[in-house]
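As structure tokens, the structure follows; a few thoughts come after it.
Since this is a predicted model, take the numbers as computed values, not measurements.
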Amino acid sequence: MAASTLPAPSADAQVHSAHLRQVIQETVIAAGGRIPFWKFMELALYAPGLGYYSAGAHKFGPGGDFTTAPERSPLFSACVADALAPALRQAGKGAVFMELGGGSGAFAEACLETLQANGVLPARYALLEPSADLRQRQRERLQARLAPELFARVEWLDAPIAEPWDGVLFANEVIDALPTPRFVVRGGEVLEECVALDGEGRFVRAEEPADPLLSAAVRRIEAQLPEPFADGYRSEVLAQLPYWLQAVVGGLRNGALLLIDYGYARREYYLPERRDGTLRAFRQHHLIDDVFAWPGLQDITASVDFTALAEAGVGAGFEFSGYCSQASFLLGNRLQDNLLAMETQTADDAARHNLRQQAKVLTLPSEMGERFQAIGFQRGVELDAAFLVGDLSHRL
């Protein structure tokens, strides 16, 4: 089904979206007629009680707008747990496993069960989840499905752990949802994309001179590319990524970071033919061209510049561990063993077939295998072995 043939949202959903649209319109007016695009994205996704991730709409799985790897298969979570287990063990008895953005809770469920089977349970499993609605859904799922002694280790955080801690931090499809600044190069100058209102109150693109931070970030990227940005080239840059990463790791002393998302190394991200950037929206598993349509009812996302992420991790004082495709990462962290183990736990031929199909979705280039990338960092522990298969560090 094409996006244009998607059914209109329900009447209640349209009222919800109209309410958020009004909030954003009032913000634009109060700001003098325009706001940076990142501010629009922040409100559309995270406005309290109204934003896409803050309200109660179903996001994950077949009935939602997208399906992440943990919802696709417990194989994903098992492999990530196997990859992080050595670092978690090295972090010591009081180690914390912190997950950013817990989604439906599917990852935490399968990860904790795998860590328990490996004898490497963390002292605490901390979920840093800003959405109150998702917190509640995660709590209900984990309480219903985990053994009581496992659920007792789970906690929800209101902020990163500020005090000194040791352990691992994991994030899957988090960075792509960070509100991102957009830039456009015009007449040799760097401008910031903004959002304004037309005469009928509709959201439209606008531009204004970029601030020094954004302008410097764009020029730094441009200097690393084979040729300057063409006139009219438009894209995204998370100039604040180093500050965000330092904030979320908080007081982490010894530990590992593992981040999985869709994106590219810098030279692939800013290809000349990608002249309108990577910004897009999703509703009911369909790509939506208009990111201004139905605020609060559709996800808005941009791909990740993994070169920027590598720079941010090293800049935060961590040693770079490796970078590879999701397929290589899973295959290098016991995908075949986990598949066999899960197959032996079911006597149902259909279930075994389903598991094999899940493995294909996670690893095939035409599915999630090459579009998603994994990157890791370490300090006082070892995560290098997780990237022994298919290392792509040379692309960064």
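A salt bridge is absent between Arg21 and Glu26: the closest approach of a Lys/Arg side-chain nitrogen to an acidic carboxylate oxygen does not fall below 4.0 angstrom. With respect to the salt-bridge test (charged N to carboxylate O, under 4.0 angstrom), the residues Glu193 and Arg234 qualify. A salt bridge between Glu207 and Arg34 is absent, with no side-chain N of the basic residue lying under 4.0 Å from a carboxylate O of the acidic one. Using a cutoff of 4.0 Å between basic side-chain nitrogens and carboxylate oxygens, Asp305 and Arg220 are not scored as salt-bridged. Ion pairing of Asp133 with Arg137 is present here, as a side-chain N (NZ or NE/NH1/NH2) and a carboxylate O approach within less than 4.0 Å.
Note on Val237: it does not cluster hydrophobically with Leu178, by side-chain heavy-atom contacts below 4.5 Å among ILVMFWY residues. Residue Phe229 is grouped with residue Tyr264 when hydrophobic side chains (ILVMFWY) are merged at heavy-atom distances under 4.5 angstrom, including chains of intermediate members. No continuous path of hydrophobic side-chain contacts links Phe320 to Phe170 [ILVMFWY only; heavy atoms under 4.5 Å]. Neither Leu364 nor Leu335 shares a network with the other; the hydrophobic side chains, linked directly or stepwise wherever heavy atoms of I, L, V, M, F, W or Y lie under 4.5 Å apart, form separate groups for each. Put simply, Ile260 and Leu100 are part of two different groups of oily side chains (I, L, V, M, F, W, Y) that touch within less than 4.5 Å, one to the next.
Residues Glu382 and Gln378 have side chains that never bring a donor and an acceptor to within less than 3.5 angstrom of each other. For the 3.5 Å distance criterion, the side chains of Tyr53 and Asp299 qualify, holding a donor opposite an acceptor. Between Arg395 and Thr307, the side chains place no donor N or O within less than 3.5 Å of an acceptor N or O (distance only, hydrogens not considered). No side-chain donor from either of Tyr269 and Ser303 sits under 3.5 Å from a side-chain acceptor of the other. Side chain to side chain, Asp391 and Tyr323 fail the donor-acceptor criterion of an N or O pair below 3.5 Å. For the residue pair Thr301 / Tyr262, a side-chain donor-acceptor distance below 3.5 Å is found, with atom types taken as modelled. Side-chain atoms of Asp261 and Gln373 include no donor-acceptor pair closer than 3.5 Å.
Separating the CZ atom in Arg283 from the CD atom in Gln298 is a distance of 7.0 Å, to the nearest 0.5 Å. The CG atom of Asp176 sits 7.5 Å away from atom CZ of Arg280, with the distance rounded to the nearest 0.5 Å. Taken from CD in Glu173 to CD in Glu71, the straight-line distance is 9.0 Å, to the nearest 0.5 Å. Summarising the geometry, atom CG belonging to Leu150 is positioned 9.5 Å from atom CG belonging to Leu115; distances are rounded to the nearest 0.5 Å. Between the CG atom of Leu279 and the CZ atom of Arg182 there is a distance of 5.0 Å, given to the nearest 0.5 Å. Between the CG atom of Asn172 and the CG atom of Leu259 there is a distance of 9.5 Å, given to the nearest 0.5 Å.
Just one residue in the list Glu129, Glu109, Glu99 forms a side chain to side chain donor-acceptor pair (under 3.5 Å) with Gln138, and that residue is Glu129.
Looking at Thr344, its side chain does come within 3.5 Å of a backbone N or O of Ala341 through a donor-acceptor pair.
Within 6.0 Å of CD in Glu268 there are more than 12 heavy atoms belonging to other residues, nucleotides or ligands.
Annotation: cation-pi geometry not satisfied between Arg275 and Tyr233 (NZ/CZ under 6.0 angstrom from ring centroid, within 45° of ring axis). By the 6.0 Å and 45° rule, Arg139 stacks over the aromatic ring of Trp156.
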Test side-chain contact (heavy atoms from CB on, under 4.5 Å) applied to Ser393 and Phe387, step by step: CA-CA 10 Å; Ser393 300; Phe387 295 92; over 6 Å; no
Could you walk me through whether Thr68 and Phe107 pass the side-chain contact (heavy atoms from CB on, under 4.5 Å) test, one step at a time? CA-CA 10 Å; Thr68 63; Phe107 176 82; over 6 Å; no
Determine, stepwise, if the pair Val154 / Leu146 fulfils side-chain contact (heavy atoms from CB on, under 4.5 Å). CA-CA 10 Å; Val154 182; Leu146 289 178; 4.3 Å; yes
Decide yes or no on side-chain hydrogen bond (donor to acceptor under 3.5 Å, both in side chains) for Gln358 and Ser73, but give the supporting numbers first. CA-CA 6 Å; Gln358 292 171 13; Ser73 175; 2.6 Å; yes
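Centroid-to-centroid, the aromatic rings of Phe329 and Phe372 stay 6.0 Å apart or farther.
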